[in-house]
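Before any comments, here is the structure.
Order of listing sets the numbers, starting from 1, for every ligand and every atom in it. Hydrogens, waters and symmetry mates play no part in the numbers below; they use all other heavy atoms, side chains included. Residue numbers start at 1 and run along the sequence shown.
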Amino acid sequence: MPRRRTPESKAEAPAVQVRAARRADLPEVIALDATVTGLHKADYWQRVYRRYGVAGQGMRHFLVAVAGARVVGFMIGEVRDWEFGSPPCGWVFAIDVDPRARQKGVGSQLLGAMRERFERVGVRTLRTMLASDNPLILSFFRSQGLRAGRLIPLELDIGPPP
Ligand SMILES: CC(C)(COP(=O)(O)OP(=O)(O)OC[C@H]1O[C@@H](n2cnc3c(N)ncnc32)[C@H](O)[C@@H]1OP(=O)(O)O)[C@@H](O)C(=O)NCCC(=O)NCCS
């Protein structure tokens, strides 16, 4: 894992604006996702944009962090109500920050912007899930105050054996 952020590197942070994603951002989002995951999923991102980028009615959010004219991060979240026996809560289910822009507060800004949007519609709990073999994302979410919650993920392999 790269070195933690220092007060000096925080001072070098570029001015970053967080806003709703626009269709024109998609090529950069797709490229950023491909950099981080190694997968180029253009169709997937078109679907995400149709569902979260437009007509979200204050409940679905596809946010990008922009430094200058460059997309340096994104986050997707949604308010889901009365699932798992829970009052409306805000789920965050995707986050990526450009490796060149990390440890400068961009991830924190994205989460802060998402939190504000959730709070505006009365949400009082923010949730996410993460892969157990991804200590970086765990460290990030813990730094933002998230702790183990009352839900437990369960899964089952189905279909023919690989
Ligand atoms: C996790 C991630 C979003 C963090 O973004 P970021 O812009 O670097 O985060 P911030 O600069 O806001 O850091 C906030 C805090 O997170 C923690 N953190 C961030 N990077 C860290 C690192 N490399 N090691 C340890 N802790 C780290 C720190 O506590 C940090 O606070 P501090 O700098 O005051 O110590 C970014 O590293 C990323 O996109 N990683 C890949 C994400 C991923 O795997 N996505 C796929 C699954 S959804």
Side-chain angles (χ1 to χ4, degrees), residues 1-22 25-53 56 59-80 83-84 86 89-119 123 125-149 151-155 157:
M1 225 184 278
R3 198 164 47 86
R4 303 280 303 268
R5 176 156 48 119
T6 63
E8 292 72 28
S9 66
K10 283 180 203 185
E12 293 158 11
V16 169
Q17 183 207 353
V18 174
R19 58 161 171 78
R22 302 171 187 152
D25 299 322
L26 281 186
E28 283 181 278
V29 168
I30 292 166
L32 173 52
D33 175 47
T35 304
V36 175
T37 65
L39 301 171
H40 197 268
K41 320 179 202 100
D43 291 349
Y44 166 77
W45 283 106
Q46 293 291 345
R47 281 201 307 279
V48 167
Y49 183 74
R50 281 197 296 276
R51 185 170 166 81
Y52 297 93
M59 306 300 249
R60 295 183 194 150
H61 302 285
F62 182 176
L63 304 180
V64 287
V66 181
R70 194 165 69 91
V71 172
V72 293
F74 62 79
M75 176 174 282
I76 307 172
E78 178 171 17
V79 177
R80 306 287 295 250
E83 293 166 342
F84 315 112
S86 162
C89 78
W91 282 93
V92 169
F93 52 84
I95 178 170
D96 267 332
V97 172
D98 183 332
R100 293 166 296 175
R102 287 183 190 172
Q103 295 183 275
K104 295 183 165 83
V106 175
S108 306
Q109 256 183 272
L110 281 163
L111 192 71
M114 187 66 75
R115 174 181 175 156
E116 262 176 45
R117 284 160 175 77
F118 289 158
E119 286 175 342
V123 161
T125 307
L126 185 149
R127 291 196 167 113
T128 193
M129 277 198 274
L130 48 98
S132 56
D133 60 356
N134 191 340
L136 172 54
I137 201 89
L138 176 61
S139 169
F140 169 72
F141 278 120
R142 285 189 62 82
S143 81
Q144 305 298 304
L146 279 83
R147 299 291 180 264
L151 302 183
I152 300 170
L154 296 176
E155 61 187 38
D157 293 332

Any residue meeting ring pair (Phe, Tyr, Trp, His ring centres under 6.0 Å) with F118, in chain and number order, not counting sequence neighbours:
none
d(L146 CG, L138 CG) to nearest 0.5 Å is 10.0 Å
Mind checking whether L136 has an N or O less than 3.5 Å away from an N or O of ligand 1?
no
Short N/O distance, under 3.5 Å, between G105 and ligand 1?
yes
Heavy atom under 4.0 Å from ligand 1: found in N134's side chain, backbone, both, or neither?
side chain
Interatomic spacing from OG1 in T37 to CG in L32 - rounded to 0.5 Å
9.0 Å
Would the distance check show the side chain of R147 and the main-chain N or O of R142 forming a donor-acceptor pair, the cut-off being under 3.5 Å?
yes
Would you say Q109's side chain and V16's backbone share a donor-acceptor pair under 3.5 angstrom?
yes
At less than 4.0 angstrom from any non-hydrogen atom of K104, what atoms of ligand 1 do you find?
11 (O)
Do any heavy atoms of Q144 fall under 4.0 Å from ligand 1?
yes
S139: numbered ligand 1 atoms lying under 4.0 Å from its heavy atoms
17 (C), 25 (C), 26 (N), 27 (C)
Please identify which atoms of ligand 1 are closer than 4.0 Å to at least one heavy atom of I95.
3 (C), 42 (C), 43 (C), 45 (N), 46 (C), 48 (S)
Checking heavy-atom distances from atom 14 (C) of ligand 1 to each of P135, S108, A101, the winner is S108
Is there any N or O on V97 that sits under 3.5 Å from an N or O of ligand 1?
yes
Test: ring pair (Phe, Tyr, Trp, His ring centres under 6.0 Å). Region: residues 89-110. Which pairs qualify, not counting sequence neighbours?
Y52-F93
Does the N or O separation between F140 and ligand 1 drop below 3.5 Å for any pair?
no
For the residue pair V64 and A20, what are the closest heavy atoms and their distance?
CG2-O, 4.2 Å
